[in-house]
S.K.: 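I have a structure I would like to understand better, so I am pasting it below and will then ask my questions one at a time.
So you know, we letter chains A, B, ... as the sequences are listed, proteins then strands, and number each from 1.
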There are 2 protein chains.
Amino acid sequence: MARKQGSHAEITGPKVRQAALRLFARHGFAAVSMRQIAAEVGVQAGALYLYTPDKQTLLFDLMRDHMEELLSDWQVPEGCAKLALEAFTRHHIRFHLARPELVFIAYMELRNLEPRNFAVIEGLRKAYEDQLESILKRGVATGRFAVPDTKLATLAIIAMLTGVTTWYREGGRLDRDAVEGIYWDMVRKAVAVE
Amino acid sequence: MARKQGSHAEITGPKVRQAALRLFARHGFAAVSMRQIAAEVGVQAGALYLYTPDKQTLLFDLMRDHMEELLSDWQVPEGCAKLALEAFTRHHIRFHLARPELVFIAYMELRNLEPRNFAVIEGLRKAYEDQLESILKRGVATGRFAVPDTKLATLAIIAMLTGVTTWYREGGRLDRDAVEGIYWDMVRKAVAVE
DNA sequence: GGTTGAACTGAACATTCGTTCAGATACTGT
DNA sequence: ACAGTATCTGAACGAATGTTCAGTTCAACC
């Protein structure tokens with residue numbers, strides 16, 4: 001027994017990533033075995049190594065692609081800082097609610113990355129944070145925002161917004177638009193000049 | 001060779017918990033072996049089972065004690081909601097900054113708990129969130145706060161505050177009092193009536 | 001000073017782990 | 001129809017896993 005009917009790399013490759021994504025998110029990287037991933041895909045464990053050099057790279061690729069998409073999906077709007085902040089807030093929530101498993105992994109599995117891989121992901125994360133901080137700085141400079149410390153405010157806002165993925169469930173009491181609006185309301189007030 | 005000189009349960013017991021705490025926080029529950037914990041304590045792996053029935057209970061006990069301390073350390077102050085919210089904010093930050101490793105574990109290792117243990121921890125977490133929500137409700141009722149949704153605001157504020165442990169480092173640019181003040185400033189404004 | 005029990009070792013248990021690889025199969029192009 | 005190659009199996013590797021336990025040592029008590 002060997003190759004299966006209708007088996008193709010273009011199909012199995014993504015399936016491997018999907019299975020890894022789901023299992024890593026649910027049980028954690030360290031708690032998931034290559035055999036579990038293989039079973040989810042419907043192949044033997046050895047076949048996974050046609051699609052990834054090792055387990056670590058499987059994790060790293062998921063995280064790097066996620067962070068790069070997060071960055072490339074966003075561009076600071078021109079114009080006033082308040083509009084930019086609203087755009088950022090809404091975009092952040094929308095982007096994160098659309099892929100909760102990747103968000104979860106990118107946050108929880110940092111410590112399972114080898115130092116070199118960790119540095120890459122941290123660099124991307126930092127670049128994303130800088131996007132928000134530059135908006136806050138702009139608002140402070142033009143007197144539209146009042147925050148005691150832009151760096152700290154950046155981290156506080158991102159923590160608050162990302163937290164949405166821990167409780168939001170499709171079909172719950174609030175839809176995504178409502179959630180966006182409520183969070184934006186709190187962010188707006190938190191940085192407002194009194 | 002067997003029992004070591006001057007070894008006592010009153011010493012080894014806490015050392016086991018401390019070692020587990022540090023290693024779980026650093027590498028994650030699933031990635032830490034009983035032999036690693038034993039090495040940190042300075043005993044053989046088998047000796048750990050004098051202090052815990054199994055690895056899972058070692059994790060659960062850490063989390064449960066942490067959550068119970070979090071709850072018992074706090075009581076809602078009488079009087080106006082704004083003062084209560086400030087007290088909560090400052091207490092939350094102080095408590096969490098004092099034990100970053102426990103906070104980390106209590107948040108990251110939930111999925112490694114067996115269903116029954118998970119339910120216990122979730123219950124305690126819910127009870128803590130209710131403390132904050134009751135303050136917000138009180139403020140809304142008396143017209144002191146304006147939040148569109150107290151449940152959502154509760155989760156947003158806790159996410160924001162707990163995020164402090166991800167970046168705060170002893171001896172950094174800001175001391176704990178300053179951090180408390182800055183976060184309180186943002187929380188206060190976020191729920192304020194405009 | 002002999003006895004008892006708590007504290008611990010060291011070895012062993014059956015599983016499982018990530019990874020490799022020779023061989024088998026099914027598809028592709030000729 | 002045949003060759004070649006992409007895809008996958010199934011078995012194997014050594015190492016590591018959580019847990020158990022008979023045996024050993026030390027300290028305390030009578």
Side-chain angles (χ1 to χ4, degrees), chain A residues 1-24 26-63 105 109 111-114 116-117, chain B residues 1-24 26-63 105 109 111-114 116-117:
Chain A
M1 306 136 222
R3 184 172 184 181
K4 293 185 173 179
Q5 280 199 354
S7 58
H8 293 296
E10 314 95 67
I11 295 176
T12 308
K15 273 171 92 176
V16 168
R17 290 171 55 93
Q18 271 182 23
L21 170 62
R22 221 182 37 217
L23 290 171
F24 288 166
R26 181 129 47 190
H27 307 292
F29 172 76
V32 171
S33 72
M34 293 300 267
R35 283 171 180 82
Q36 284 176 56
I37 298 172
E40 190 97 346
V41 175
V43 298
Q44 293 297 315
L48 298 182
Y49 291 84
L50 293 168
Y51 304 99
T52 182
D54 49 41
K55 192 186 175 192
Q56 162 83 198
T57 306
L58 194 50
L59 172 64
F60 174 64
D61 284 347
L62 285 173
M63 294 176 67
I105 289 176
E109 304 297 352
R111 59 187 170 185
N112 287 115
L113 290 176
E114 288 163 6
R116 237 199 353 277
N117 291 339
Chain B
M1 301 135 224
R3 183 173 182 177
K4 293 186 174 178
Q5 279 199 354
S7 56
H8 294 295
E10 315 95 67
I11 295 177
T12 307
K15 274 171 90 175
V16 169
R17 289 172 54 94
Q18 271 181 22
L21 169 62
R22 217 174 50 211
L23 290 171
F24 288 167
R26 180 128 49 191
H27 307 291
F29 172 75
V32 171
S33 73
M34 295 299 269
R35 284 172 180 81
Q36 285 176 54
I37 299 172
E40 189 97 348
V41 174
V43 297
Q44 294 296 315
L48 298 181
Y49 291 84
L50 294 168
Y51 304 99
T52 182
D54 49 41
K55 193 187 175 193
Q56 162 84 200
T57 306
L58 194 50
L59 172 64
F60 174 64
D61 284 347
L62 285 173
M63 295 176 68
I105 289 176
E109 305 296 353
R111 60 187 170 186
N112 287 116
L113 290 177
E114 289 163 4
R116 242 206 341 283
N117 291 339

S.K.: Could you tabulate the donor-acceptor pairs under 3.5 Å formed by side-chain atoms of residues 36-45 of chain A, not counting sequence neighbours?
M.R.:
residue  : atom : partner  : partner atom : Å
Glu40(A) : OE2  : Arg22(A) : NE           : 3.3
Glu40(A) : OE2  : Arg22(A) : NH2          : 2.0

S.K.: Figure out the CD1/C1' separation between Ile37(A) and dT19(C), and round it to whole Å.
M.R.: 13 Å
S.K.: Would you please name every residue forming a side-chain hydrogen bond (donor to acceptor under 3.5 Å, both in side chains) with Asn112(B), sequence neighbours left out?
M.R.: none
S.K.: Only distances under 3.5 Å count here; give the side-chain donor-acceptor pairs of residues 11-20 of chain A to other protein atoms, sequence neighbours excluded, each with its distance to 0.1 Å.
M.R.:
residue  : atom : partner  : partner atom : Å
Thr12(A) : OG1  : His8(A)  : O            : 3.1
Arg17(A) : NH1  : Asp65(A) : OD2          : 3.4
Arg17(A) : NH2  : Asp65(A) : OD2          : 3.0

S.K.: Between dC17(C) atom P and Leu58(A) atom CG, what is the distance in whole Å?
M.R.: 15 Å
S.K.: Please give, in whole Å, the distance from dA6(C) P to Leu48(B) CG?
M.R.: 19 Å
S.K.: Please enumerate all residues that pass side-chain hydrogen bond (donor to acceptor under 3.5 Å, both in side chains) together with Arg26(B), with sequence neighbours excluded.
M.R.: none
S.K.: Once you round it to whole Å, what is the distance between C1' of dA6(C) and CD of Glu10(B)?
M.R.: 10 Å
S.K.: If only side-chain N and O atoms of Thr12(A) are considered, is one of them under 4.0 Å from the OP1 or OP2 phosphate oxygen of dT7(D)?
M.R.: no
S.K.: Find which nucleotide of DNA chain C each of Ala47(A) and Leu50(B) is nearest to by heavy atoms, and output the residue with the more 5' nucleotide.
M.R.: Leu50(B)
S.K.: Would you call Lys55(B) and Glu109(B) a salt bridge, taking side-chain N to carboxylate O under 4.0 Å as the test?
M.R.: no
S.K.: Please state how far atom CD in Gln44(A) lies from atom P in dA22(C), giving the value in whole angstrom units.
M.R.: 18 Å
S.K.: Keeping to residues at least two apart or across chains, list the ring pair (Phe, Tyr, Trp, His ring centres under 6.0 Å) pairs with something in residues 29-58 of chain B.
M.R.: Phe24(B)-Phe29(B)
S.K.: Can you give one letter per nucleotide of nucleotides 12-18 of chain D, going 5' to 3': B for a protein heavy atom under 4.0 Å from the base, S for sugar-phosphate only, - for none?
M.R.: B----BB
